[in-house]
Protein chains: 2
Amino acid sequence: MSFDEQELPEEVRQSVEEAWPLFVEFLKKKDARVTQARKIVLTQVFSRHDHFCADDLAAELSSGMNHVSRGTVYRTLALMEEAGLVRVIRDTDVHAHYEHTFNHPHHEHMICDKCGQFIEFADDEIMVLIEQACKEHEFEERNHRIVIFGTCAACKAKEG
Amino acid sequence: MSFDEQELPEEVRQSVEEAWPLFVEFLKKKDARVTQARKIVLTQVFSRHDHFCADDLAAELSSGMNHVSRGTVYRTLALMEEAGLVRVIRDTDVHAHYEHTFNHPHHEHMICDKCGQFIEFADDEIMVLIEQACKEHEFEERNHRIVIFGTCAACKAKEG
DNA sequence: ATTACTGCAAAGCATTTGCAAATGC
DNA sequence: GCATTTGCAAATGCTTTGCAGTAAT
């Protein structure tokens with residue numbers, strides 16, 4: 001556990017400082033180990049990453065002093081998902097996208113067909129209606145996801 | 001174009017009879033060809049398939065007189081999606097699920113974590129709110145999808 | 001000391017693609 | 001006859017896994 005985090009931007013350092021103890025608690029509850037690799041991955045997730053894919057993260061951690069292998073990145077992201085620290089979006093046909101959920105309230109996504117941008121939006125009314133629908137079907141919700149596909153304002157403008 | 005559809009159940013035959021001309025029209029508009037393989041795939045999609053995956057469909061068409069190769073099945077499903085005749089759901093971690101949309105009004109899904117069952121539900125109010133959200137973000141919707149993950153009534157009962 | 005975790009490279013799996021032969025136009 | 005589509009099998013790309021070595025408890 002001797003991983004240097006002094007050069008992190010203040011904002012990132014703060015997120016990590018809050019999120020890491022939660023992950024540690026989660027790991028201990030699971031009788032899993034608190035390892036350096038797991039801290040590096042968590043730190044990287046909270047560094048300048050809004051939406052990212054596992055492979056990019058793995059690439060970033062593939063060299064330099066804070067090296068973590070691809071396999072471990074995937075394994076750790078799965079743990080972080082289980083811990084509720086990241087969210088996975090698998091709707092596009094390419095590969096899964098992740099985002100960190102810590103200090104990031106629940107929201108849904110619009111994905112632009114043209115530029116691939118993720119636009120976040122939240123709607124409490126929709127949430128209520130979804131809860132209602134679950135009740136009607138006696139379905140116990142664990143999680144939900146809304147994705148809207150289409151064209152974003154910027155791309156529409158560009159098209160003329 | 002000498003493909004025998006006489007043994008199809010009445011209901012299926014009817015769906016095919018209605019959907020096929022739409023697909024033909026779509027193909028012509030696209031300067032693509034109206035082929036036997038495409039008709040076989042479309043027919044199979046409308047046969048006893050609520051939710052299915054490309055690979056199962058390919059397996060069903062891998063032998064017998066109405067043979068279509070895996071590659072063609074994937075290619076044709078992509079065309080059918082473009083034509084708006086099938087819908088793809090890519091939220092589970094395994095593989096994409098398809099469903100035909102013809103004679104099947106728009107709806108969303110609940111997926112049971114335990115048994116994998118797809119439960120369909122529709123909610124007009126949610127649709128309206130989604131439209132609203134798009135307007136607010138100047139996003140031009142092409143399509144949307146809601147998926148709720150959790151436990152279905154049957155599995156909850158089984159658990160006690 | 002014991003047991004879990006990591007790295008690596010190899011395997012897996014759904015999906016896509018290149019190319020020669022077949023088919024629709 | 002010409003261009004597109006098909007079948008096949010090989011390739012692709014993301015993700016998972018087996019195993020020997022390494023680190024955490």
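- Remark: A/T35 is not in phosphate contact with D/dA24, judged by side-chain N or O atoms under 4.0 Å from OP1 or OP2.
- Put simply, CZ on B/R38 is 14 Å from C1' on C/dA22, counting in whole angstrom units.
- Here the side chain of A/R33 is nearest to one of D/dT25, D/dT6, C/dT15, namely D/dT25.
- Summarising the base pairing, C/dG18 is matched to D/dC8 through a Watson-Crick or G-U wobble pair whose two defining distances lie under 3.5 Å.
- Atom pair A/L61:CG and C/dG7:C1' shows a separation of 14 Å (rounding to whole Å applied).
- One atom, NE2 of A/H95, and another, P of D/dT12, lie 18 Å apart when rounded to the nearest Å.
- A donor atom on one side chain and an acceptor atom on the other are found under 3.5 Å apart for B/H104 and B/E120.
- If you measure from atom OH of A/Y74 to atom C1' of D/dT15, you get 5 Å, rounded to the nearest angstrom.
- At whole-Å resolution of the value, CG in B/D56 and C1' in C/dT15 are 14 Å apart.
- A side-chain contact (heavy atoms from CB on, under 4.5 Å) with B/H109 is found for exactly one of B/Q117, B/R145, B/H51, namely B/H51.
- A side-chain donor-acceptor contact under 3.5 Å links B/H49 and B/E60.
- In this structure, A/D124 places its CG atom where only 12 or fewer heavy-atom neighbours from other residues, nucleotides or ligands lie under 6.0 Å away.
- Nucleic acid contact class of B/R75 (heavy atoms, under 4.0 Å, all strands): base.
- In this structure, the CG atom of B/D31 is 13 Å from the C1' atom of C/dG24, given to the nearest Å.
- When each of D/dC8, C/dG7, C/dC5 is scored by its nearest atom to the side-chain atoms of B/H67, the top-ranked nucleotide is D/dC8.
- For the pair B/A32 and B/G71, both in contact range of DNA chain D, the more 5′-proximal nearest nucleotide belongs to B/A32.
- Ring centers of A/F149 and B/H144: at least 6.0 Å apart, outside the cut-off.
- In this entry the distance linking NZ of A/K28 with P of D/dT25 reads 7 Å, nearest Å.
- If you measure from atom CG of B/L79 to atom P of D/dT4, you get 14 Å, rounded to the nearest angstrom.
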